[in-house]
Amino acid sequence: MENKAAFNKPKVELHVHLDGSFKPETIVYFAKKRQIKLQADTADSLLKLVSYKEPLSLTEFLTKFNYYMPAIAGDREAIKRIAYEFVEMKAKEGVIYVEVRYSPHFLANSKVDPIPWGQKEGDLTPDEVVDLVNQGLREGERDFNIKARSILCCMRHMPNWSEEVVELCKKYKNDTVVAIDLAGDESLNCIADSGHKKAYEEAVRCGIHRTVHAGEVGPASVVKEAVEVLKAERIGHGYHTIDDPVLYQELLKKKMHFETCPWSSYLTGACNPDFTKHPLTQFRKDKANYSLSTDDPLIFGSTLDLDYSIAKKYMDFTEEEFQRVNINAAQSSFLPENEKKELLEKLYQAYGMMLSTGF
């Protein structure tokens with residue numbers, strides 16, 4: 001890719017996983033400090049182990065977390081630090097507003113069943129994990145002049161965690177936490193399971209914003225379910241929505257927001273590896289409501305500029321389309337209306353546009 005940034009104006013990122021964004025140096029530091037044996041003991045060797053450049057399946061991609069999560073999970077200092085460093089990383093990428101998502105249960109080692117990553121039981125609960133991440137994000141905001149909010153993930157294979165996830169969304173609402181998500185392996189047909197459905201019903205009842213990973217590698221029917229059953233306001237990825245033209249047209253009319261991640265979709269085998277045939281080209285042509293994000297930059301060995309460069313090089317994205325995409329992202333963000341208005345004003349100013357300009 002070219003050295004020059006594809007789009008060097010302020011950006012908004014809506015789909016990025018905290019646990020897919022750790023700095024390799026930080027992972028190695030805490031593994032050594034906590035005497036946790038990893039299969040790699042330097043940042044470079046760890047990167048070689050966990051990141052990759054050619055497509056794997058989504059299921060294979062998900063195994064990558066096993067290599068490094070034990071170094072961070074269950075450690076208070078580590079969790080606060082990875083949240084802080086995440087904000088620093090995004091500020092360097094020219095992001096002025098980010099929504100970062102994670103599963104509190106995956107970073108805990110107490111009051112979580114099963115305890116993840118083969119950890120011994122400790123005393124760090126999912127609730128305290130959220131508090132620590134919030135502290136790290138707030139300190140990062142203060143130091144790097146960027147606004148950061150978080151989304152708490154339910155996991156498809158762990159419906160028994162979902163009720164607590166929505167309760168944590170309620171407890172920490174607008175204390176960085178702005179929404180609930182459902183992530184994990186889409187091939188698991190589990191929405192009918194009362195755990196996820198009940199959590200999302202509670203989210204609707206309490207005014208908690210909702211996004212769902214759907215139509216990434218799964219069929220359009222998963223997107224339909226996310227919208228109709230879980231009342232999703234945004235769709236994580238959503239590429240396969242276009243396989244159901246009726247659903248696609250309906251979501252275009254509703255201005256449903258698709259959180260797209262071009263490089264991720266290549267590496268997880270979610271889409272045709274030929275970027276010129278990517279669903280994003282259809283989204284762009286149809287003036288759909290979508291944004292560009294990195295998803296898991298540690299594992300995908302990427303920065304946000306790579307996703308923008310792909311869109312520019314293979315999909316003929318223009319400066320105007322990049323501006324439109326970021327304004328869409330701001331409008332579809334889960335910020336309260338007054339903060340959303342402030343964010344939009346910042347973008348309009350940076351892009352040299354009048355407030356009334358529409359696309």
Side-chain angles (χ1 to χ4, degrees), residues 1-8 11 13-28 31 38-69 71-72 82 85-86 89-90 92-95 98 100-102 183-187 213 215-218 236-240 259-281 290-317 322:
M1 295 293 163
E2 311 114 18
N3 292 328
K4 187 174 173 289
F7 182 67
N8 58 10
K11 292 177 279 289
E13 187 171 13
L14 299 181
H15 191 112
V16 54
H17 292 261
L18 181 61
D19 43 15
S21 305
F22 303 159
K23 284 168 70 173
E25 297 82 358
T26 302
I27 296 166
V28 170
L38 300 181
Q39 288 183 37
D41 58 3
T42 67
D44 285 346
S45 58
L46 183 75
L47 266 181
K48 284 195 183 96
L49 186 67
V50 302
S51 67
Y52 63 102
K53 297 287 180 217
E54 294 301 325
L56 296 174
S57 71
L58 183 68
T59 310
E60 288 172 296
F61 151 71
L62 292 170
T63 64
K64 297 285 185 181
F65 292 87
N66 299 323
Y67 292 122
Y68 65 84
M69 285 294 283
I72 302 296
I82 49 110
E85 289 178 346
F86 171 82
M89 176 175 82
K90 286 299 150 188
K92 283 180 181 159
E93 292 177 19
V95 174
V98 64
V100 62
R101 59 190 71 195
Y102 66 99
D185 195 337
E186 263 187 274
S187 63
H213 281 71
E216 179 180 10
V217 295
H237 303 288
Y239 315 116
H240 292 281
E259 307 158 353
T260 73
C261 309
W263 182 234
S264 158
S265 70
Y266 169 73
L267 289 179
T268 60
C271 300
N272 188 318
D274 179 350
F275 284 119
T276 64
K277 297 187 175 76
H278 196 282
L280 253 179
T281 58
Y290 66 95
S291 53
L292 299 174
S293 294
T294 50
D295 203 8
D296 294 276
L298 165 66
I299 299 174
F300 299 140
S302 64
T303 65
L304 194 51
D305 187 54
L306 177 59
D307 292 280
Y308 277 74
S309 298
I310 288 166
K312 186 175 182 178
K313 185 172 179 180
Y314 299 103
M315 304 175 195
D316 300 322
F317 271 55
F322 285 136

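In this chain, residues are counted from 1 in sequence order. Small disclaimer: the values here were computed from a predicted structure and weren't measured.
The side-chain contact (heavy atoms from CB on, under 4.5 Å) with His15 is formed by just one residue from the set Leu292, Asp295, Val100; it is Asp295.
Annotation: the span from Phe317 atom CZ to Asp307 atom CG amounts to 10.5 Å, rounded to 0.5 Å. Between the OG atom of Ser264 and the CG atom of Leu306 there is a distance of 11.0 Å, given to the nearest 0.5 Å. Atoms CG and CD, on Leu267 and Glu54 in that order, are 8.0 Å from each other to the nearest 0.5 Å. Note: Leu18 CG to Ile82 CD1 = 4.0 Å, rounded to the nearest 0.5 Å. Rounding to the nearest 0.5 Å gives a distance of 6.0 Å between CG of Asn272 and NZ of Lys277. Note that the OG atom of Ser302 and the CH2 atom of Trp263 stand 8.0 Å from one another [nearest 0.5 Å].
Looking at heavy atoms from C-beta onward, Met89 lies in side-chain contact with Pro297 at the 4.5 angstrom threshold. Counting only heavy atoms from C-beta outward, the side chains of Cys261 and Glu216 never approach each other to under 4.5 Å. Put simply, the side chain of Glu93 does not reach to within 4.5 Å of the side chain of Asp305, judged on heavy atoms. Phe22 is listed as a side-chain neighbour of Met69, based on a closest heavy-atom distance under 4.5 Å. Counting heavy atoms from C-beta on, the side chains of Tyr52 and Lys64 come closer than 4.5 Å. Residues Ile27 and Leu298 have side chains in contact (heavy-atom distance under 4.5 Å, counting atoms from C-beta outward). When side chains are defined from C-beta on, Lys11 counts as touching Tyr308, because their heavy atoms get closer than 4.5 Å.
Glu186 and Gly215 get closest at one heavy-atom pair: OE2-N, 2.7 Å. For the pair Gly184 and Leu58, the tightest heavy-atom approach, listed with the atom from each and the gap, is O-CD2, 4.5 Å. Across all non-hydrogen atoms, the minimal contact from Thr303 to Thr294 is C-CG2, 3.6 Å. Counting all heavy atoms, side chain and backbone alike, Thr276 lies closest to Asp274 at OG1-OD1, 2.6 Å. When all heavy atoms of Ala183 and His17 are compared, the closest pair comes out as CB-CE1, 4.4 Å. The shortest heavy-atom contact between Leu304 and Ser293 is CD1-CA, 3.8 Å.
In this structure, Thr260 contributes its side chain and Ser291 its backbone to a donor-acceptor pair below 3.5 Å. The backbone N or O of Ala270 lies less than 3.5 Å from a partner atom in the side chain of His240, making a donor-acceptor pair. Remark: side-chain polar atoms of Lys53 are paired, donor with acceptor, to backbone N or O of Gly301 under 3.5 angstrom.
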### Message
Please determine whether ring pair (Phe, Tyr, Trp, His ring centres under 6.0 Å) holds for the pair Tyr266 and Phe300, giving the CA-CA distance in whole Å, both sets of side-chain angles, and the decisive distance to 0.1 Å.
### Response
CA-CA 10 Å; Tyr266 169 73; Phe300 299 140; over 10 Å; no
### Query
So Thr59 and Asp185, side chain to side chain contact (heavy atoms under 4.5 Å, CB included) or not? Walk me through it.
CA-CA 7 Å; Thr59 310; Asp185 195 337; 3.6 Å; yes
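In this structure, Tyr68 and Phe65 have tilted ring planes: the angle between them lies in the 30° to 60° band. Between Phe7 and Phe322, the ring planes are tilted. Angles from 30° to 60° get that label.
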